[in-house]
Amino acid sequence: EEGDDAGNVQIEGKAFPFPDYLNNIVNQIQRHWRPPTGKQHLRAELSFVIRRDGSVEEINWIERSGNLAFDLEARGAIETAGRKKMFGPLPDAYPRDQLRVSFYFDPTTQ
């Protein structure tokens, strides 16, 4: 399986030929994420599904950071962006009805 990688976002399956859509996912999550300040190195990863209409479902943990506040903030950023449909509907030319996304939160890469 090939995957796409736009910074902190990875798409499973074949290459996703819509880089602007991927960049928007990153931008919208980062707009809603408030990472904790400090020098500690934390990383969390979540997966979620964007449906054809832009709604989000199946938000699941892949890796928790071990810091509850950090983890809640990370999940909350995806939930908020999803609830507001900030990712937008999937591109018309995308053949599937959903897109599974893996997103990792790492303040050192922001």
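Note that the coordinates shown come from a computational prediction; the quantities given were computed from them, not determined experimentally.
Under a hydrophobic clustering in which Ile, Leu, Val, Met, Phe, Trp and Tyr are joined whenever their side-chain heavy atoms come within less than 4.5 Å, directly or via other members, I59 and I62 fall into different clusters. Note on I29: it does not cluster hydrophobically with M86, by side-chain heavy-atom contacts below 4.5 Å among ILVMFWY residues.
N24 contributes no side-chain N or O that, together with a main-chain N or O of D20, makes up a donor-acceptor pair within less than 3.5 Å. Using modelled atom types, one side-chain atom of R52 and one backbone atom of P91 make a donor-acceptor pair closer than 3.5 Å.
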Starting from the C-alpha separation in whole Å, work towards a yes-or-no answer on side-chain contact (heavy atoms from CB on, under 4.5 Å) for D71 and F105.
CA-CA 9 Å; D71 290 347; F105 293 84; over 6 Å; no
### Task
Test R100 against S47 for side-chain contact (heavy atoms from CB on, under 4.5 Å), laying out the working first.
CA-CA 7 Å; R100 183 169 298 279; S47 69; 4.3 Å; yes
inquiry  = Please determine whether side-chain contact (heavy atoms from CB on, under 4.5 Å) holds for the pair L99 and V49, giving the CA-CA distance in whole Å, both sets of side-chain angles, and the decisive distance to 0.1 Å.
reply    = CA-CA 5 Å; L99 176 67; V49 171; over 6 Å; no
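A salt bridge is absent between R64 and E45: the closest approach of a Lys/Arg side-chain nitrogen to an acidic carboxylate oxygen does not fall below 4.0 angstrom. Comment: D97 does not engage R51 in a salt bridge, judged by the lack of any side-chain N to carboxylate O separation of less than 4.0 angstrom.
Going from atom CG of L46 over to atom CZ of R75 covers 6.5 Å, rounded to the nearest 0.5 Å. Rounded to the nearest 0.5 Å, atoms CZ (F48) and CG (N60) are 11.5 Å apart. The line from CZ of R96 to CG of L90 is 10.0 Å long, rounded to the nearest 0.5 Å.
Ring centers of F87 and Y21: at least 6.0 Å apart, outside the cut-off. Between F103 and W33, the gap from one ring centroid to the other reaches at least 6.0 Å.
In this structure the side chain of I78 never reaches within 4.5 angstrom of the side chain of V101, judged on heavy atoms. For the pair L42/D106, no side-chain contact is recorded, criterion being any heavy-atom separation below 4.5 Å from C-beta on.
For the pair R43 and Y104, the cation-pi test (distance below 6.0 Å, angle within 45°) is passed.
Counted by atom type alone, D53 and S55 present one or more donor-acceptor pairs between their side chains at under 3.5 Å.
If you run side-chain hydrogen bond (donor to acceptor under 3.5 Å, both in side chains) between Q28 and each of R31, Q30, H32, only R31 comes through.
Nearest heavy-atom pair across A44 and S65 is CB-N, 4.1 Å.
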